[in-house]
Asker: 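If you scroll down you'll find the structure; I have some questions about it.
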Amino acid sequence: MKKIEAIVRKEKFDDVIKELEDMGIGGVTVTEAVGFGHHRNGLKPKMKIDIYADEFTVDKVIDAIRKVAKTGTTGDGKIAVFSIENIIKIRTGDEGASAI
Ligand SMILES: Nc1ncnc2c1ncn2[C@@H]1O[C@H](COP(=O)(O)OP(=O)(O)OP(=O)(O)O)[C@@H](O)[C@H]1O
Ligand SMILES: [Mg+2]
């Protein structure tokens with residue numbers, strides 16, 4: 001299992017979410033953020049999207065975000081991938097991939 005953490009432009013956010021919904025992923029968590037990258041022209045508003053995915057889905061999620069969020073100009077954002085030790089679904093007690 002992986003956590004995919006994507007930082008995207010605000011103006012691309014709706015399109016990214018629609019693409020993820022259309023893929024049928026289990027869920028997302030969204031945080032409004034500000035940040036800077038290589039070009040230090042102050043903090044810019046960004047959206048951070050966290051997604052838990054199993055090993056079979058992770059590359060598809062990354063490809064979908066890259067396809068929709070890219071403008072090709074500076075500030076498109078980044079995608080980070082983390083390994084997850086466990087996920088626990090609070091309501092049912094399911095653990096691991098079946099908790100996604
Ligand atoms: N090293 C970093 N650590 C954490 N967040 C980062 C980092 N670099 C960029 N970000 C986040 O990503 C957002 C967009 O970054 P951006 O795409 O400008 O990255 P960049 O590395 O400067 O690339 P670019 O060449 O496209 O400008 C930033 O506003 C910030 O929120
Ligand atoms: Mg930048």
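Order of appearance sets the numbers: ligands from 1, and atoms from 1 within every ligand.
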Asker: Side chains of residues 41-54: which donor-acceptor pairs under 3.5 Å do they make with residues two or more places apart or in other chains?
Answerer:
residue : atom : partner : partner atom : Å
Lys44   : NZ   : Asn41   : O            : 3.4
Lys46   : NZ   : Gly75   : O            : 2.8
Asp54   : OD1  : Phe56   : N            : 3.0
Asp54   : OD1  : Thr57   : N            : 2.9
Asp54   : OD1  : Thr57   : OG1          : 2.6

Asker: For Asp14, enumerate each residue passing the side-chain contact (heavy atoms from CB on, under 4.5 Å) test, keeping only those at least two apart in sequence or located in another chain.
Answerer: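 Checked Asp14 against side-chain contact (heavy atoms from CB on, under 4.5 Å); zero matches.
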Asker: Before accepting this row, confirm whether a basic side-chain N of the pair Glu95/Lys89 lies closer than 4.0 Å to the acidic partner's carboxylate O.
Answerer: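 Salt bridge between Glu95 and Lys89, a charged N being under 4.0 Å from a carboxylate O: no.
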Asker: Not counting sequence neighbours, which residues clear side-chain contact (heavy atoms from CB on, under 4.5 Å) with Ser98? List them please.
Answerer: Asp94
Asker: Salt bridge or not between Lys78 and Glu5? Use side-chain N to carboxylate O under 4.0 Å.
Answerer: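 A salt bridge is absent here (no side-chain N lies under 4.0 Å from a carboxylate O).
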Asker: Is it the case that one hydrophobic cluster holds both Val81 and Leu20, taking links as side-chain heavy atoms less than 4.5 Å apart, direct or via other members?
Answerer: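 Same hydrophobic cluster.
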Asker: Taking only heavy atoms of the protein into account, state which residues are under 4.0 angstrom from an atom of ligand 1, in chain and number order.
Answerer: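 Contacts of ligand 1 under 4.0 Å: Ile7, Gly35, Phe36, Gly37, His38, His39, Lys46, Thr74, Gly75, Asp76, Gly77, Lys78.
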